[in-house]
Structures are given as structure tokens and as C-alpha cells.
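Here the structure is laid out as C-alpha cells; the discussion comes afterwards.
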Amino acid sequence: MTRPPLHPLPDALQRLLRDVSPLEGLESLPLTDACGRVLAVDQLSVLDLPPWDNSAMDGYAINHADAGQRLPVTRRIAAGDPPGTLEERAAARIFTGAPLPSGADAVLMQEDAQVEGNEIHIPDAIRPGQHVRRRGEECKVGERLLAAGRRLRPQDIGMLAAQGLAQVDVKPRLRVALLSTGSELVEPGTAPPAPGRIYNSNRPMLLALLHTLGCSAVDMGNVQDSAEATRAALGKAAASSDLIISTGGVSVGEEDHVRSAVEALGELTLWRIAVKPGKPFAHGRVGGCPFIGLPGNPASAFVTFLLLARPWIERRQGRSESRRLRFSARADFTRDGSARREEYLRVVLEAQPGAAGGMAFARKPDTGDDASRGETGDRALWATPFQNQSSGILRSVTAADALACVPAGRPVERGDEVEVLPLDQLLS
Ligand code: AMP
Ligand code: MG
């Protein structure tokens, strides 16, 4: 049987994403429920922040013109008090966050104040504005604080709250139907599997990934390896979701029924990618519902979810292209350049090769200071692969900080620069 050529990742992504447009509509949510959701509209500042000049320190509100003087302390202003006015040639006791009284233009921190009875001595050098947080220094009315398409993070929720908002408009949740396939699978929480059977790890892992991306997962359970069961499950999934994701059953074995079921119920538009791990990735539609078939091997399912399913989901969620950190690290491994697939190695990142220890990491024997510092003596991080990079070894992913990308056909010497994608960034 001749097999179609493998699609390089950029080609696969282009095919996968070409017809994907953002979901219409929006939903207004209480701030406390909005973390992880995608902002539907630009958020403009409705307040100057801070709303008034206030003290950045516990100390004394003064006027810089009184430098070198001895002044009576005539007022006390705590956080929450109104600002009032500072009398001429006087100081006010003030605390962090309290509004600066009119007439004052600086704060003397209490550690620098010489106090005698009810008087303080002001040092000779006082800078106007010192230890004062100016009105509007964080933002001014009308400034854009957050752009539509951003996935809300906890700090964004804090900033919206500081603007007095209790609700925020977000994009609707994407409904993703998830099904795992495999007659060998039993669900976690049940008795230890009989010989020949294993626990289903992909399904809970993918439900968690979907949750992390702010999707509403429709759990379709596990499907036995038969043509009829697979077709029935896919048909049902298509009726209730914006996207179907399956795992397993997309390879070339006789027990792999997903591909033919998709072809029977719709169309397969992409199959097999030049990525390791993850070759049997599939994409198409079931009826009118988009379909993504992830490989069954758990490390492959995880990596292809991040590299392909995630971008699809984010585009459909209306998420703007997010700025993700990709950077270079030094390879603590070698490759001879014969690989025909782009490889995504599960690596730890560390300041020195092998510093994170771990017997399971493929650290070369210590080769001395030069190697661990890198040729230029720089502070580059080293990417050390988990020793067993098999696509079935989920520990390679749980142990990893990042995926290190080695393009097909590229030889790698130890110490060469390779691109790394931190896992936390991919899921941010
Ligand atoms: P498949 O792609 O269905 O041929 O599966 C490839 C390998 O991944 C086989 O060893 C399966 O037992 C394993 N596998 C498939 N699905 C799962 C799953 N949901 N959880 C754990 N292992 C799986
Ligand atoms: Mg299978």
C-alpha cells in the first residue's frame, strides 16, 4: 500500500487553519469567572489610576520648599482618609496609600525623619515628588488596557477590578467533543487492568488541556475498536460540538478505525505529519463538524495537541496571535542529521548540562568546564532530553520544561543552539 507523503508542520498548520474563523458573539461574565477566557472587546481605562496623588511610604507629607526646616506635625492622614490641606510650614503624618494633602508635594519616609516631640526635622535634600505616586501614572482615562483577543490572566482580572468593573465581555466557550479509542483501555479508578489492558491516560489529560485553554469539553468517553462503534461515536460527537478531538485509531493497523469512519461520514483533509512524535495526526470533518485525530501514544497526543490542536482552538476562540517566548538553548545531545521528521524532544532546561540531575536524563559524562559554560562562556541554558523519548512514555513530558525542536535533516553537535518552546508558554 502506498502511503501519502508526510506533511511538514508548517504545511499541516496551514491546511488546518485555513478556513478557521473566530466564533461569533460574546458573553458577559462576572470577573471572578472570567480567568482563562478570551476577551471579546478592547478594554479602555475609565479611570485615571491612581485616582489621586498618594503616598508610596509610611512617613510625612511635606513641601520640598521646607527642606532643612523643623516643622510641627499638624495632621494625620491614613489610607482611606480624605486628603484635606497641609498648612504652610507644617508636616502631616501619612501612611502608604493615603492621599497627599494639597500643599504637599513630597513624602519623607519615616526611616529618614528625625522626630522630636511633635516636630520633625526635614533633611536638606528633598526632591519634589519623592515617594509620591502620581495620579494617572499607571493609566489615564481612555487608554487601552487590554486588547480584544487576549486570554485573561489573573493579573488582568486584578486590573479590571481596579477599574471598578465587576463584569467583562468574553468570547463564547468553544465546545469540544473528546473521545478516546482503544479496546485495551480501562478507566482510572477501576480495578487494576487485566493482562493486555491499560488505563486510559489520554482522556483525562486531554480534558485537562481543554480546560486549561478555556474550552467546554464534551466528554464522549472511550470507544471500542470497531468500525460501527467508531462511526456511531463520531456521528454523535458532531451533533453537539464545534470541534471533535479523538485519540488513537488513526494509524495504519487493522484496528485503526477512526480514519475510515471520518472518510465515511465526511472528509479527511490531512493525514500523517513529518513530526516526531506524532506522525499519524489526522484532520478533516465529520458531517459539518471539524475533526482533529491525535495519535494514541500519550506523548504524541500531548505534543500534537500543543503544536496543532491548540492553534486551531485559539484561532476559533478569537484569540489574537499570542506573544509566546521561543528561545535558543544549547543542545545537551547530538543528532546525525539523518532524521526525516522534525523532532520535538522533551527536555529540561538548566544552567549547566545535567544540573537538574535525574537519572532519567540523557546527560553525557562530564566533559569539563568549557563544555558546561558553552564556547563563548555565555549564560545560555542547556537543553537535556529525557532519556527515553519514545512516544508512549508520558514521563518524558511530565519531566520536561520545554520541547526542543530539531528540524528534519539537521545534524546537531553538543553545544549547538536549538530552538526551545517552554511548555508553560505553550499553555499560557
Ligand atoms: P493507536 O494509535 O490506537 O494505535 O495507539 C497507539 C498506542 O497508544 C497503543 O500502545 C495504545 O495502547 C496507546 N494508547 C492509545 N490510546 C491511549 C489512551 N487513551 N491512553 C493510554 N494509551 C493509549
Ligand atoms: Mg488503538
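Whatever order the structure lists them in is the order used to number ligands and atoms, beginning at 1.
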Atom pairs, nitrogen or oxygen, ligand 1 to protein, under 3.5 angstrom:
unit_1: ligand 1; atom_1: 2 (O); unit_2: Gly296; atom_2: N; d: 3.3
unit_1: ligand 1; atom_1: 3 (O); unit_2: Gly249; atom_2: N; d: 2.9
unit_1: ligand 1; atom_1: 8 (O); unit_2: Gly296; atom_2: O; d: 3.3
unit_1: ligand 1; atom_1: 8 (O); unit_2: Asn297; atom_2: N; d: 3.2
unit_1: ligand 1; atom_1: 8 (O); unit_2: Asn297; atom_2: OD1; d: 3.4
unit_1: ligand 1; atom_1: 12 (O); unit_2: Glu184; atom_2: OE2; d: 2.5
unit_1: ligand 1; atom_1: 14 (N); unit_2: Gly296; atom_2: O; d: 3.3
unit_1: ligand 1; atom_1: 19 (N); unit_2: Asn200; atom_2: OD1; d: 2.8
unit_1: ligand 1; atom_1: 19 (N); unit_2: Asn202; atom_2: ND2; d: 3.4
unit_1: ligand 1; atom_1: 20 (N); unit_2: Ser201; atom_2: N; d: 3.1
unit_1: ligand 1; atom_1: 20 (N); unit_2: Ser201; atom_2: OG; d: 3.4
unit_1: ligand 1; atom_1: 20 (N); unit_2: Asn202; atom_2: N; d: 3.4

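In this structure, Lys279 NZ and Leu6 CG are separated by 6.0 Å, a value rounded to the nearest 0.5 Å.
In this structure a side-chain-to-backbone donor-acceptor pair under 3.5 Å is present from Thr96 to Asp58.
A salt bridge links Glu314 to Arg310: at least one charged side-chain nitrogen sits closer than 4.0 Å to a carboxylate oxygen. For the pair Asp242 and Arg175, the salt-bridge criterion is met [side-chain N within less than 4.0 Å of a carboxylate O]. A salt bridge does not link Asp416 to Arg330: none of the charged nitrogens lies less than 4.0 Å from a carboxylate oxygen.
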What side-chain donor-acceptor pairs closer than 3.5 Å can you find for residues 15-29, not counting sequence neighbours?
unit_1: Arg15; atom_1: NE; unit_2: Asp11; atom_2: OD1; d: 3.2
unit_1: Glu27; atom_1: OE1; unit_2: Arg37; atom_2: NH2; d: 2.9
unit_1: Ser28; atom_1: OG; unit_2: Gln167; atom_2: NE2; d: 2.9

